[in-house]
Amino acid sequence: MFADRVLSGMRPTGSLHLGHYHGVLKNWIKMQHETECLFFVADWHALTTHYDTPQVIEQSVWDMVVDWLAAGVDPAHATLFIQSKVPEHAELHLLLSMITPLGWLERMPTYKDQQEKLSGKDLSTYGFLGYPLLQSADILIYRATQVPVGEDQVPHIEFTREIARRFNHIYGREIGFEEKAEAAVKKLGGKKSKLYTELRVRYQEQGDDEALEAAKALLDEQQSLSHGDRERLFGYLEGGGKMILSEPQSMLTVASKMPGLDGQKMSKSYNNTISLREDEASVTKKIRTMPTDPARIRRTDAGDPERCPVWALHQVYSNEGIKDWAMQGCKSAGIGCIECKQPVIEAVLEEQRPMRERAQVYLDDPTLVRNIISDGCEKARKLASETMRDVREAMGLSYS
Ligand code: TRP
Ligand code: SF4
């Protein structure tokens with residue numbers, strides 16, 4: 001019923017590092033040229049866990065947007081906005097809460113996991129329990145078709161699908177649905193009516209998924225259908241009633257293998273990161289002082305790259321020629337570790353140079369960033385209010 005739309009959010013809880021770049025942002029940057037994309041700062045989500053340090057969130061919001069822009073997220077292609085500037089998310093969250101079984105939230109794997117991981121914080125709050133539902137509202141309000149997320153978030157997308165289904169089941173029923181749906185089929189006109197009916201029967205009787213896809217494609221092409229008939233015909237295909245909220249797909253972002261300065265995954269909690277726009281001197285120093293194969297005590301000791309975190313960075317940043325040179329040089333003690341690190345240092349600086357340059361423009365003139373966000377928020381609000389109109393109507397809240 002709806003064209004492809006990608007939506008993803010990020011919590012503003014600290015500055016971004018090269019792990020975020022290789023794991024998430026490169027993927028966003030690629031997608032922005034392929035599909036309509038909405039990317040937002042999930043500041044309310046950050047408050048669910050960082051409710052006692054709002055200053056951290058406030059600072060991170062703008063830093064994070066500058067990081068996105070620096071990395072190459074392009075406001076000419078993607079809509080960038082801040083969750084709390086689109087209060088419709090909160091309204092949908094509230095309305096969905098009416099039909100959300102507590103058990104679904106309590107059984108969410110991230111609920112217990114995060115409570116244990118952040119055991120220093122009291123996370124037995126109403127807001128934290130509702131975290132996945134707020135995320136569902138984020139997604140459903142834009143009728144997003146694809147949501148790029150890491151593996152830990154997949155249950156939240158599955159939960160969102162269940163909420164959408166439950167909502168449509170409860171509120172998509174209308175008196176005389178079948179008759180209205182059949183009347184809408186007729187409106188498609190001779191050949192198309194017949195084709196729709198055939199495809200629907202094939203799907204419902206034989207579970208033929210191709211027939212379902214073909215029928216959806218047929219409906220997508222129909223320009224003249226009213227909004228209500230469109231919801232009916234999509235809903236009628238799969239049974240039930242009107243389809244008011246649409247189920248998103250998760251798009252699994254392959255876990256970033258980006259190694260940190262100690263060879264473990266790059267992560268703030270391991271204190272092994274290089275931040276996205278870190279200054280050159282600091283990057284150089286961090287890599288120069290990285291630990292290497294402990295067997296290479298003296299320059300004349302041969303080493304084994306497999307035991308060295310610098311080698312892991314060569315995998316990300318070096319071509320075959322440099323990797324051969326490092327491998328041979330290490331095993332024969334032909335090169336020293338400082339020498340071996342030099343091409344990595346240069347490659348990281350090279351990667352960051354355009355990011356620092358792009359960021360500088362925004363740091364020099366912060367109103368540019370404010371304007372990008374304010375345009376994005378306005379676009380997002382427009383889309384969100386369209387969905388809210390349908391949701392309110394379905395829930396009997398469109399008094400006039
Ligand atoms: N929960 C997500 C995370 O921690 C952030 C998020 C909030 C999000 N709302 C979203 C991601 C909607 C995708 C879609 O990474
Ligand atoms: Fe690591 Fe390179 Fe030193 Fe070998 S030469 S231990 S790969 S830094």
Side-chain angles (χ1 to χ4, degrees), residues 5-14 16 20 23-24 27-28 37-50 64 81-84 86 89 92-93 108 110-111 113-114 117 128 130-142 144-157 159-160 248-253 259 261-263 287-315 318 322-345 380:
R5 182 179 283 158
V6 169
L7 172 106
S8 201
M10 218 187 261
R11 293 156 25 97
T13 52
L16 300 188
H20 295 111
V24 181
N27 186 35
W28 285 14
C37 285
L38 300 163
F39 300 126
F40 72 98
V41 181
D43 53 347
W44 282 336
H45 276 104
L47 272 175
T48 64
T49 50
H50 290 59
M64 197 164 83
F81 66 96
I82 298 173
Q83 185 183 35
S84 65
V86 187
H89 290 227
L92 184 57
H93 177 223
M108 201 56 75
T110 45
Y111 183 55
D113 287 357
Q114 287 296 310
K117 219 171 135 198
F128 186 67
Y131 184 111
L133 188 64
L134 179 58
Q135 186 165 353
S136 301
D138 297 338
I139 297 167
L140 296 173
I141 206 160
Y142 299 107
T145 55
Q146 283 126 295
V147 186
V149 285
E151 193 164 18
D152 62 316
Q153 297 289 306
V154 172
H156 291 176
I157 311 305
F159 167 80
T160 301
Q249 301 284 341
S250 48
M251 241 175 147
L252 194 60
T253 311
L261 294 164
D262 57 358
I287 299 176
R288 279 225 180 107
T289 54
M290 271 177 76
T292 58
D293 176 1
R296 292 204 75 181
I297 301 164
R298 283 173 300 258
R299 165 73 176 74
T300 49
D301 295 329
D304 177 1
E306 299 299 341
R307 297 175 195 211
C308 176
V310 178
W311 180 242
L313 285 180
H314 272 298
Q315 300 308 310
S318 301
I322 294 178
K323 282 194 271 186
D324 282 347
W325 165 81
M327 175 64 88
Q328 302 306 332
C330 180
K331 285 185 164 168
S332 64
I335 59 171
C337 291
I338 290 289
E339 241 174 297
C340 179
K341 288 169 171 178
Q342 199 52 38
V344 173
I345 295 174

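All ligand and atom numbering here is 1-based and tracks the order in the structure. Because the structure is predicted, anything quoted here is derived from the model rather than measured.
Between Ala144 and Pro248, the shortest heavy-atom contact is O-CB, 3.5 Å.
Residues Phe81 and Tyr142 bring their aromatic ring centres within 6.0 Å.
With ligand atoms numbered from 1 in the order given, ligand 2 contributes 3 (Fe), 5 (S), 6 (S) to contacts under 4.0 Å with heavy atoms of Arg296. Applying the 4.0 Å criterion to heavy atoms of Cys330 picks out, from ligand 2, the atoms 4 (Fe), 5 (S), 6 (S), 7 (S). Using a 4.0 Å cut-off to heavy atoms of His45, the atoms of ligand 1 that qualify are 7 (C), 9 (N). Near Thr292, meaning under 4.0 Å from one of its heavy atoms, ligand 2 places the atoms 6 (S), 8 (S). Close contacts between ligand 1 and Gln153 involve ligand atoms 1 (N), 2 (C), 3 (C), 4 (O), 15 (O) [criterion: under 4.0 Å to a heavy atom]. Near Tyr131, meaning under 4.0 Å from one of its heavy atoms, ligand 1 places the atoms 1 (N), 2 (C), 3 (C), 4 (O). The atoms of ligand 1 that sit less than 4.0 Å from any heavy atom of Phe40 are 9 (N), 10 (C), 12 (C). Listed by number with element, the atoms of ligand 2 under 4.0 Å from a non-hydrogen atom of Asp293 are 6 (S). Set against the non-hydrogen atoms of Arg11, the atoms of ligand 1 under 4.0 Å away are 4 (O).
Scanning the protein heavy atoms around atom 1 (Fe) of ligand 2, the nearest turns out to be Cys308 SG, 2.3 Å. Of the protein's non-hydrogen atoms, the one nearest atom 5 (C) of ligand 1 is Gly9 O, 3.6 Å.
By the 4.0 Å heavy-atom criterion, Gly303 is excluded from the residues contacting ligand 2.
Among the atoms of Cys337, an N, O or S atom falls under 2.8 Å of atom 3 (Fe) of ligand 2.
Taking only non-hydrogen atoms, the option from Thr160, Asp138, Val147 nearest to atom 9 (N) of ligand 1 is Asp138.
Within a 6.0 Å sphere centred on CZ of Arg307, other residues, nucleotides and ligands contribute 12 heavy atoms or fewer.
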